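Below: the structure, in structure tokens.
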Amino acid sequence: MATVEASIQAALFARAASLVLSPVHPVAWPNVAFTAPANKKYVRVTHFPNTTERAYIGSSEPHMHQGILQITVIAPLNSGESAARELAGVVADHFPCDLPLFAGVRVERRATVGSKITTDTEIQIPVSIRYRGEA
């Protein structure tokens, strides 16, 4: 039997894996070997679980689980921001508010498409999907 934490992550990753992007973009998953494609867009999936809160006094009662699934759209530097931002919006739309994930855990609100981050070789646009619920 999987733990609550593993079940939440599995539900998040399953939803991310069901995202259909056209054209298809490579996906970098946590702790899985990946070589970034040269001069092409791709997405990176990262899970940030947050503090588990005790919602009730009873020791066997459910706890509040919360965190962020971040899917970052990465595009080559100087390739324009519009197409990457559009792709980020498609990712955000794939995780609607109140989407059930596992037991009582759901997407808390519409995903946030963040500000562009620029490095020496690429731009990154993070999409933050917040989840929260009792399990």
Side-chain angles (χ1 to χ4, degrees):
M1 184 170 176
T3 64
V4 171
E5 292 79 9
S7 296
I8 291 170
Q9 179 167 292
L12 289 165
F13 286 7
R15 182 66 181 184
S18 73
L19 177 62
V20 177
L21 300 174
S22 182
V24 174
H25 291 60
V27 179
W29 294 97
N31 201 29
V32 175
F34 180 79
T35 301
N39 298 316
K40 291 189 178 184
K41 286 192 285 282
Y42 66 97
V43 296
R44 181 177 58 230
V45 177
T46 310
H47 179 211
F48 299 103
N50 201 339
T51 303
T52 301
E53 297 177 6
R54 187 174 184 172
Y56 304 99
I57 294 175
S59 59
S60 63
E61 297 293 329
H63 283 67
M64 183 65 66
H65 296 269
Q66 57 193 346
I68 298 170
L69 176 69
Q70 186 166 295
I71 301 178
T72 305
V73 174
I74 300 168
L77 189 63
N78 300 320
S79 63
E81 183 178 342
S82 297
R85 188 155 297 280
E86 179 66 23
L87 182 58
V90 169
V91 170
D93 288 344
H94 191 65
F95 291 87
C97 181
D98 294 325
L99 173 74
L101 296 168
F102 168 78
V105 180
R106 63 183 176 75
V107 171
E108 184 178 41
R109 62 182 88 155
R110 186 187 193 292
T112 300
V113 177
S115 298
K116 173 187 70 171
I117 300 164
T118 305
T119 72
D120 291 343
T121 59
E122 63 194 21
I123 64 166
Q124 303 174 10
I125 300 178
V127 180
S128 298
I129 299 111
R130 299 176 70 87
Y131 66 87
R132 182 178 179 90
E134 296 177 1

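Nothing fancy with the numbering, it's 1 onward along the sequence. In this text, all values refer to a predicted model and were calculated from it rather than measured experimentally.
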message = To the closest 0.5 Å, what do you measure between CZ (Arg54) and NE2 (His63)?
response = 5.5 Å
request  = Could you go through the side chain to side chain contact (heavy atoms under 4.5 Å, CB included) check for Arg110 and Asp93 one step at a time?
outcome  = CA-CA 8 Å; Arg110 186 187 193 292; Asp93 288 344; 2.8 Å; yes
task = Please confirm whether the backbone N or O of Ala88 pairs with a side-chain atom of Arg85, one donor and one acceptor, at under 3.5 Å?
result = no
query = So, the side chain of His94 versus the backbone of Arg15: is there a donor-acceptor pair under 3.5 Å, distance only?
reply = yes
query = Are Ile68 and Ile74 connected, step by step, through hydrophobic side chains (Ile, Leu, Val, Met, Phe, Trp, Tyr) whose heavy atoms are closer than 4.5 Å?
reply = no
inquiry  = How long is the straight-line distance from CD1 of Ile8 back to CD of Gln66, given to the nearest 0.5 Å?
reply    = 10.0 Å
request  = Answer with yes or no whether the hydrophobic clustering places Tyr42 together with Val113; edges join I, L, V, M, F, W, Y residues whose side-chain heavy atoms lie under 4.5 Å apart.
outcome  = no
remark   = In this structure, CG of Leu19 is separated from CD1 of Ile71 (nearest 0.5 Å) by 6.5 Å
ask   = Transitively linked via ILVMFWY side-chain contacts under 4.5 Å: Leu12 with Val4?
value = yes
ask   = Transitively linked via ILVMFWY side-chain contacts under 4.5 Å: Val45 with Val32?
value = yes
message = Can a donor-acceptor pair be found, under 3.5 Å and without considering hydrogens, that links the side chain of Arg44 to the backbone of Pro126?
response = no
request  = Can you measure from CD (Gln9) to CG (Leu101) and round to the nearest 0.5 angstrom?
outcome  = 12.0 Å
key: Over 12 non-hydrogen atoms of neighbours within 6.0 angstrom of CD in Glu81   = yes
message = Could you measure the distance from the CZ atom of Arg109 to the CG atom of Asp98? Nearest 0.5 Å is fine.
response = 11.5 Å
ask   = Between Thr112 and Gly114, is there a donor-acceptor pair closer than 3.5 Å when you use the side chain of the first and the backbone of the second?
value = no
ask   = Closest heavy-atom contact between Ser128 and Gln70?
value = OG-OE1, 3.5 Å
task = Given side chain to side chain contact (heavy atoms under 4.5 Å, CB included), test His65 with Glu5 step by step and report yes or no.
result = CA-CA 8 Å; His65 296 269; Glu5 292 79 9; 3.6 Å; yes
message = Looking at every heavy atom in both Ala17 and Trp29, which two are closest together, and how far apart are they?
response = N-CH2, 3.8 Å
inquiry  = So which atom in Leu87 and which in Val73 form the shortest heavy-atom distance, rounded to 0.1 Å?
reply    = CD2-CG1, 3.7 Å
key: In one Ile/Leu/Val/Met/Phe/Trp/Tyr side-chain cluster, 4.5 Å: Leu69, Met64   = no
Note, Thr121 side chain near Leu77 side chain (heavy atom, < 4.5 Å) = no
request  = Decide yes or no on side chain to side chain contact (heavy atoms under 4.5 Å, CB included) for Val27 and Phe34, but give the supporting numbers first.
outcome  = CA-CA 8 Å; Val27 179; Phe34 180 79; 5.9 Å; no
ask   = Around Asn39, counting heavy atoms of other residues, nucleotides and ligands shown, do more than 12 lie under 6.0 Å from its CG?
value = no
ask   = At what distance, to the nearest 0.5 angstrom, does OH of Tyr131 lie from CG of Asn50?
value = 8.0 Å
message = Using 30° and 60° as the class boundaries, would you call the ring planes of Phe13 and His47 parallel, tilted or perpendicular?
response = perpendicular
request  = Over all heavy atoms of both residues, which pair between Ala135 and Phe102 is shortest? Give the atoms and the distance, please.
outcome  = CB-CE2, 4.2 Å
